[in-house]
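Here the structure is a predicted model, which means the values were calculated and not measured. Below, chains carry the letters A, B, ... as their sequence lines are ordered, and counting in each starts from 1.
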2 protein chains.
Amino acid sequence: MKPPVKKTPVARSRRRDSHRLTPHELELGAFFVQMAGILGVPRSVAQIYALLYAADAGLDFDQIQAKLGMSKGSVSQGLKFLRDHEMILAVKAKGVRRERWEPTPSLAASMVNLVRRQVLPALEQSTPVLQRVLDGAQTTGASPEVLERLSRLKRWNARALELFPLMLPPSPGG
Amino acid sequence: MKPPVKKTPVARSRRRDSHRLTPHELELGAFFVQMAGILGVPRSVAQIYALLYAADAGLDFDQIQAKLGMSKGSVSQGLKFLRDHEMILAVKAKGVRRERWEPTPSLAASMVNLVRRQVLPALEQSTPVLQRVLDGAQTTGASPEVLERLSRLKRWNARALELFPLMLPPSPGG
DNA sequence: GACATGTTTCAATAAAAATTGAACTTAGGC
DNA sequence: GCCTAAGTTCAATTTTTATTGAAACATGTC
């Protein structure tokens, strides 16, 4: 299990070159890293997001890499993740090849999307599973308590599956 | 990042002796393992919980160990976790040393507690952090956009901190 | 359409997290 | 009070996940 409190949350960052970051950027980074941890998002992604969040104008690939002292691979994957989850937007000036990145207006929507993408597929897959398990338990003569538990679980699953999509409109129009 | 879908979710279980489990126990186990993954709870804990969930009467330490083919250490730690989070209860028959374990009635409450224990401390710690970051941004003359973002974040944090404790009464009386 | 610049991919590596097992502690029966 | 069964702890190990960096791939500019 994850240790409840990380002993050295910034160890890695310190080990590398993030003294390019101001103390406040570091603090905000640590905050986003902690929240991201709860959502199962890797630290490097959270660091990128935090950086963009506190940046006056969008930052480009190289600026991000330089400020955080991370590899190209990590920056690329991090930006991909953030793009895929619609947490950042490209701002492209004409005649300039290089893209700059900014956080999308709603962090809330991004977070809900993030959770939904983890939970929804799990709920969907499990509907038939729970049905089969319940049927099996009935067939093999499980106790009333167990049958009750399992059907409660199944009802929940169904209800969650109804409610979840209502939590916020899925990204663009759907 | 966690791969979106696990390639071989039951690989480990298969590798060991969980052919002592019925197909339905396995399926239910996989379901709980998946959900637990989202909450950051280790697989072994979820497997123990699933087993107890589908068991007619409580199971004791050795039965759990035998059925799941896991080490004493894991069973002990897993039961400790489940006890600490009030997800299981000991049922003790008189004159018998060995305890048997059953799931507590409300899985919902258990899950809410689980989430709260992860999120609340993070929110609490971050209140002063966000204040400092915002002050710093003001001092160093950040753009209005950044200031707006940061104060929004701070407001959220405060609101979440208010709302969260209301989600369900903390375990016994407090 | 060639070239340079910017980005992605992915196998190798490093880091973090979970699991094991053997030594240790605790509790109950005698 | 001692002995033994029952359970816990924790350093070592295994497993999983994240990161790196070099090679491959794009894409805009001239």
Residues in side-chain contact (heavy atoms from CB on, under 4.5 Å) with [X], at least two apart?
X	value
A:Q63	A:L59, A:D60, A:R100
A:V115	A:L39, A:V119, A:F164
B:R155	B:E148, B:S151, B:R152

Between [X] ([atom1]) and [N] ([atom2]), how many Å, whole number?
X	N	atom1	atom2	answer
A:L68	D:dT19	CG	C1'	13 Å
A:M70	D:dA22	CE	C1'	19 Å
A:Q65	C:dT5	CD	C1'	14 Å
B:L59	D:dA6	CG	C1'	17 Å
A:Q118	D:dT17	CD	P	12 Å
B:R43	C:dA16	CZ	C1'	17 Å
A:I64	C:dG6	CD1	P	14 Å
A:Q63	C:dG6	CD	P	12 Å

Contacts table for residues 49-56 of chain B: side-chain donor-acceptor under 3.5 angstrom, sequence neighbours left out:
| unit_1 | atom_1 | unit_2 | atom_2 | d |
| --- | --- | --- | --- | --- |
| B:Y53 | OH | A:R149 | O | 3.2 |
| B:D56 | OD1 | A:S143 | N | 3.1 |
| B:D56 | OD1 | A:S143 | OG | 3.3 |

key: Any donor-acceptor pair under 3.5 Å from B:S126 side chain to B:V129 backbone   = no
remark   = Given protein heavy atoms under 4.0 Å, the one-letter contact record of nucleotides 7-14 of chain D, with B base, S sugar-phosphate only and - none, is simply BBBB----
key: A:R132: side-chain hydrogen bond (donor to acceptor under 3.5 Å, both in side chains) partners, not counting sequence neighbours   = B:E27
query = For B:S71 and C:dT19, is the shortest distance between a side-chain N/O and OP1 or OP2 below 4.0 Å?
reply = no
